[in-house]
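First the structure, then my questions, so here it is.
Heavy-atom basis, side chains included; hydrogens, waters and symmetry copies ignored. Naming convention: chains lettered A, B, ... in sequence-line order (proteins, then strands); numbering from 1 in each chain.
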Amino acid sequence: MESVQAEQRRTDIGPPNYENFLHPVIKKNYGTWKYHEILKPGVLVHVSETGEKIYTVRMGSPRLINIETIRMICDLADKYSDGYLRFTSRHNVEFLMTDQSKIDPLISEIESKGYPVGGTGKSITNIVHTQGWVHCHTPATDASGIVKSVMDELYDYFRTMKLPAKLRIALACCLNMCGAVHCSDIAILGVHRRPPKILSNLNKLCEVPTTVASCPTGAIAPAVVDGVQTVEVNEEKCMFCGNCYTMCPAMPLANSLNDGVSIWVGGKVSNARHAPMFSKLAIPYIPNNPPRWPEVVDAVKNIVEIYAKNAKKYERLGEWIERIGWSRFFDMTGIEFTKYHIDDYRFAATTYNTSTHFTL
Amino acid sequence: MANEAKKSTTPLLDDLEKGKWPSFVREIKKMADKNPRAKDLLGQLEMSYRDKVTHWKHGGLVGVRGYGGGVIGRYSDSPDKFPNVAHFHTIRVNQPSGWFYTSKALREICDIWEQHGSGLTNMHGSTGDMVLLGTSTDNLEPIFSKLTSKGWDLGGSGSVLRTPSCCLGKARCEFACYDTLALTNDLTHEFQDVLHRPQFPYKWKFKMAGCPNDCVASVARADMSIIGRWKDDVRVDQDAVREYAKSGVNVQTEICDLCPTQCMSWDGRELKIENTWCNKCMHCINAMPKALRPGKDTGATILIGAKAPILQGAELSSVLVPFMKIEPPYKELKDLVEKIWDFWGEYGKNRERIGELIQRVGMGQFLEAIELPPSPQMIKNPRENPFIFYEEYFEEEGSGEGSK
Ligand code: HEM
Ligand code: HEM
Ligand code: HEM
Ligand code: HEM
Ligand code: SF4
Ligand code: SF4
Ligand code: SF4
Ligand code: SF4
């Protein structure tokens with residue numbers, strides 16, 4: 001049943017070929033890179049088998065950027081890197097250049113516009129994060145505001161490389177986790193703590209069967225209240241995912257009194273030394289305190305500083321904790337240990353200690 | 001109140017303009033001066049900061065004609081106060097492999113977005129797409145036709161193949177064990193139909209990392225994680241190792257002692273590696289990139305099934321094919337993918353990720369269905385419980401029945 005008009009509408013063309021966007025030196029030396037060095041924080045050089053070099057300058061960005069800023073970045077690329085640039089998997093901008101003498105002028109121009117250069121090696125690079133109150137319907141907290149506040153405080157760690165190893169922070173504003181959070185050295189995760197409300201006009205806004213079906217844990221059941229078709233929620237089964245609200249606007253989940261943030265530590269994705277690990281719960285709940293979430297900032301900073309002081313060279317946060325043990329971690333950070341730290345979801349028992357290996 | 005000029009209407013957000021890290025509030029404000037959508041976004045966001053809740057609603061399906069994804073529908077819960085964000089849909093634009101751009105290409109997108117949207121973006125969204133943040137339904141088709149006329153297409157959302165993404169691989173990384181950019185580009189084009197039109201039980205993500213450093217977090221984030229590795233020996237330049245030692249690297253404590261397989265030794269002159277033990281963790285190579293390099297017989301490990309905690313608990317991807325050569329036209333890989341998609345399409349329940357399906361039917365059954373042999377690389381350890389569902393047995397002689 002295609003439209004009769006054979007119009008010029010193009011579909012399914014896919015993304016443009018990356019080859020069109022590669023700097024000529026990269027194109028020429030594609031696959032023949034021999035080694036790299038970090039010349040200073042935020043500046044890399046990659047050297048090819050042929051001896052040719054490409055320099056990279058890495059600039060931090062707030063991820064949410066406007067088109068004027070993108071055009072400013074384009075101007076910088078035109079001026080310093082022959083119009084070629086890229087973005088990293090953690091929202092940083094990279095200028096790819098061949099003329100070493102242009103590096104310092106580029107850095108001063110970037111910094112004069114209020115953006116930092118860094119995020120390489122044993123640093124804290126940009127925080128991977130999600131939409132929050134800027135653009136999502138299920139967040140338990142904002143994303144950009146916490147990221148800004150935390151990065152303001154950890155700014156020097158972005159511009160230096162003085163940590164024992166790299167430290168990756170990520171933030172997701174609800175447990176749907178649209179960002180790489182669960183395997184981060186430090187993860188900041190928005191949490192709801194109350195099941196959805198059920199508005200009295202539910203029967204007008206939503207279909208009961210699709211609403212019931214939307215719940216992944218089967219917490220929602222049809223009900224009749226005052227002779228009107230509606231639903232009820234088994235509060236013990238609800239884990240606050242917001243799927244029901246997606247299907248049914250009469251089941252709002254956001255709760256200004258109870259929503260907040262949890263903090264998780266010790267995850268990693270790289271295979272270097274230790275295999276990839278999930279992040280584990282450090283702090284179950286910190287209330288939302290916009291615009292700057294000072295308690296969250298302090299908690300993150302505390303963990304970073306104690307890790308930085310005590311871990312061995314190359315030891316990621318999770319490797320450090322594994323060496324010293326969780327009892328020692330809670331002791332050193334002063335974080336309170338609660339019943340919420342003990343898993344009670346499926347396969348929980350695999351996280352229980354079956355040895356006498358611990359500190360007191 | 002609106003024309004109360006001297007007092008700021010956004011005192012909470014104003015605070016986030018201070019501090020050293022670049023400010024997203026300043027980004028929004030700069031647009032708010034010329035773009036009413038950005039202005040109302042700022043107003044609504046301030047209201048969220050005051051109320052400590054979101055003011056967005058989910059709004060059902062919106063999109064461009066013929067596509068089932070690529071646009072995230074979003075509606076304000078206060079359209080009377082903020083009419084310019086009454087609809088505020090985002091558009092996912094499929095990024096080029098490795099996020100490489102020219103200034104010219106980016107400017108073209110800025111021009112389109114200036115005319116038809118909020119002027120705000122995420123560079124990039126967590127899936128990898130370029131995210132154009134906020135426009136109204138009537139602008140979707142015009143944006144789409146302008147994007148495609150400049151060579152851009154939408155990314156995935158919903159129960160589709162999500163926009164594949166990769167590390168920058170051979171373009172600028174000496175560790176890349178296969179061409180992540182080429183593979184990503186090839187798969188994205190090959191599978192355009194399932195990327196734009198929901199045909200799966202749920203979402204499917206590919207992420208390509210050139211080596212076990214996994215700079216795109218594929219092991220945590222992809223239904224199929226394709227992680228480069230090598231089979232032969234780590235390439236060692238002994239002179240360069242000695243250079244590192246001279247420049248202050250303690251090769252014994254920083255390299256050998258941290259090797260997880262303890263397969264390295266250093267006598268102060270020569271670094272020896274027992275390569276049959278090396279598990280390709282990358283530590284020594286990361287630490288001394290001028291001296292050590294991955295081997296030359298390269299390919300990738302294919303892992304399957306990462307997913308977030310909903311519903312059965314979270315999983316990391318686990319090994320499916322310990323080693324595969326990754327070379328165009330990628331037939332072996334594509335055949336495997338098609339078999340898995342067939343199995344998932346047939347047996348997967350609505351909103352069941354492949355990782356959950358495998359948990360439900362058992363890895364053994366899954367391997368049989370997709371005709372892959374079991375191998376010890378797939379497990380951390382063999383089973384610990386003796387509840388084995390044996391499928392073969394011997395019948396007593398003469399009973400007339402053979403073994404199953
Ligand atoms: C039932 C579960 C989920 C729901 C209801 C959900 C909902 C959403 C929504 C509404 C958005 C759009 C945010 C916006 O732009 O307004 C989003 C974005 C996204 N989701 Fe999910 N999501 C779910 C699970 C997941 C999971 C399990 C993943 C990955 C493991 C994921 C990955 C993403 C990513 C990468 C984005 C883009 C976010 C960004 O760039 O900021 N989502 N999701
Ligand atoms: C010396 C060894 C390493 C080199 C040469 C290296 C190289 C790179 C390159 C080229 C990128 C940009 C990739 C892209 O955006 O697609 C990158 C980003 C990244 N790498 Fe690595 N990598 C190394 C080690 C590691 C390790 C061990 C890890 C994890 C533990 C890691 C995690 C990451 C992450 C998370 C990013 C995103 C960084 C950002 O955007 O700021 N890398 N790395
Ligand atoms: C600190 C709490 C956690 C946060 C904030 C978090 C966040 C996330 C996010 C944002 C993603 C999506 C990545 C993307 O595709 O863009 C994700 C995926 C995932 N998470 Fe977590 N996570 C957390 C805890 C966990 C835990 C405890 C586990 C497992 C025990 C886990 C396992 C996974 C897995 C396997 C994925 C696969 C991604 C997918 O479905 O595509 N996460 N997580
Ligand atoms: C078909 C399954 C199993 C059989 C036939 C079996 C049989 C036995 C027998 C005969 C004993 C020795 C009892 C004695 O002291 O006289 C024993 C002890 C034990 N079994 Fe099992 N068992 C089975 C499965 C399991 C499983 C699945 C577990 C745990 C996961 C388990 C845990 C134990 C423990 C803890 C002991 C005591 C060991 C000790 O005294 O050191 N068994 N079992
Ligand atoms: S993590 Fe949750 S709240 Fe945040 S963007 Fe994703 S679905 Fe929305
Ligand atoms: S929030 Fe999630 S778990 Fe709770 S009732 Fe709604 S769908 Fe079910
Ligand atoms: S995953 Fe490996 S090959 Fe890819 S950019 Fe990272 S270090 Fe390089
Ligand atoms: S790659 Fe890892 S396992 Fe292999 S030799 Fe180096 S440190 Fe050891």
*Taking the six-membered ring for Trp and the single ring otherwise, decide whether the centroids of B:W56 and A:Y245 are under 6.0 Å apart.*
no
*Could you tell me whether B:D15 and A:R292 have a side-chain N and a carboxylate O separated by less than 4.0 Å?*
yes
_I need the residue from B:L154, B:D179, B:N35 with the largest number of non-hydrogen atom pairs under 4.5 Å to chain A._
B:D179
*With a 4.5 Å heavy-atom cut-off, do A:I65 and B:L120 have their side chains touching?*
no
*Could A:R71 and B:D111 be called an ion pair, given the rule that one side-chain N must be under 4.0 Å from one carboxylate O?*
yes
_Ignoring hydrogens, what is the shortest heavy-atom contact between B:P22 and A:P62? Give both atom names and the distance._
O-CB, 3.6 Å
*Side chain / backbone / both / neither for A:E49 at chain B, heavy atoms under 4.5 Å*: side chain
_Could you tell me if the side chain of A:R9 sits less than 4.5 Å from the side chain of B:F144, heavy atoms only?_
yes
_Any side-chain heavy-atom pair of A:H274 and B:P260 under 4.5 Å_ = no
_A:R10 side chain to B:T148 backbone, donor-acceptor under 3.5 Å_ = yes
_Tell me whether B:H55 contacts the main-chain N or O of A:H137 through its side chain, where contact means a donor paired with an acceptor under 3.5 Å._
no
*Checking A:L76 against chain B: side chain, backbone, both or neither under 4.5 Å from a heavy atom?*
neither
*Select, from B:F100, B:W152, B:W113, the one with the greatest count of heavy-atom pairs under 4.5 Å involving chain A.*
B:F100
*Which one, A:L253, A:T56, A:N20, A:L154, leads in non-hydrogen pairs under 4.5 Å with chain B?*
A:T56
*Within a reach of under 6.0 Å around NZ of B:K29, are more than 12 heavy atoms found that belong to other residues, nucleotides or ligands?*
yes
*Check whether any side-chain heavy atom of B:R26 sits under 4.5 Å from a side-chain heavy atom of A:N66, and report yes or no.*
no
_Using a strict threshold of under 4.0 Å (side-chain N to carboxylate O), is an ion pair present between B:R107 and A:D78?_
yes
*Between B:R221 and A:H182, which heavy-atom pair has the shortest distance, and what is it?*
CG-CE1, 4.5 Å
*Which portion of A:Y155 sits near chain B, non-hydrogen atoms under 4.5 angstrom*: side chain
_With a 4.0 Å cut-off on N to O distance, would you call A:E68 and B:K34 a salt bridge?_
yes
*asked:* As a quick check of understanding, evaluate side chain to side chain contact (heavy atoms under 4.5 Å, CB included) for A:Q131 and B:L133, giving each step before the final call.
replied: CA-CA 10 Å; A:Q131 299 293 3; B:L133 200 58; 4.1 Å; yes
*Check whether any side-chain heavy atom of B:H189 sits under 4.5 Å from a side-chain heavy atom of A:P15, and report yes or no.*
yes
*ring-ring contact (aromatic ring centres under 6.0 Å, His included) involving A:H23 - partner list, sequence neighbours excluded*: A:Y84
*asked:* Checking A:T130 against B:S126 for the side chain to side chain contact (heavy atoms under 4.5 Å, CB included) test, could you report, in this order, the C-alpha distance in whole Å, the side-chain angles of both residues, the deciding distance, and whether it holds?
replied: CA-CA 7 Å; A:T130 47; B:S126 318; 4.2 Å; yes
_Under 6.0 Å between ring centres: does that hold for A:F87 and B:Y101?_
yes
*Among A:I26, A:I13, A:N288, which has the most heavy-atom pairs under 4.5 Å with chain B?*
A:I13
*Sort out for me which of A:I54, A:T141, A:V134 touches chain B most, counting heavy-atom pairs under 4.5 Å.*
A:V134
*What residue in B:E114, B:E141, B:M282 has the most heavy-atom pairs under 4.5 Å with chain A?*
B:E114
*Side chains of B:F24 and A:R63: does their closest heavy-atom pair fall under 4.5 Å?*
no
*Minimum heavy-atom separation for A:T11 to B:D153, with atom names?*
C-OD2, 4.3 Å
*Any idea which heavy atoms bring A:P16 and B:P96 closest together, and the distance?*
O-CB, 3.9 Å
_Engaged part of A:E315 at the chain B interface, taking heavy atoms whose separation is under 4.5 Å_ = neither
_I need the residue from A:G145, A:A254, A:A77 with the largest number of non-hydrogen atom pairs under 4.5 Å to chain B._
A:G145
*Determine the option with the most heavy-atom pairs under 4.5 angstrom with chain B, choosing from A:S256, A:P249, A:P116, A:S48.*
A:S256
*asked:* Main chain of A:C136, side chain of B:T54: is a donor-acceptor contact present, judged purely on distance under 3.5 Å?
replied: yes
*Should A:K312 and B:D257 count as an ion pair when the cut-off is N to O under 4.0 Å?*
no
*Any side-chain heavy-atom pair of A:D12 and B:R197 under 4.5 Å*: yes
*Considering residues at least two apart in sequence or located in another chain, which fulfil the ring-ring contact (aromatic ring centres under 6.0 Å, His included) criterion with B:W21?*
A:F158
_Looking at B:K20, I want to see if its NZ is surrounded by more than 12 non-hydrogen atoms of other residues, nucleotides or ligands under 6.0 Å._
no
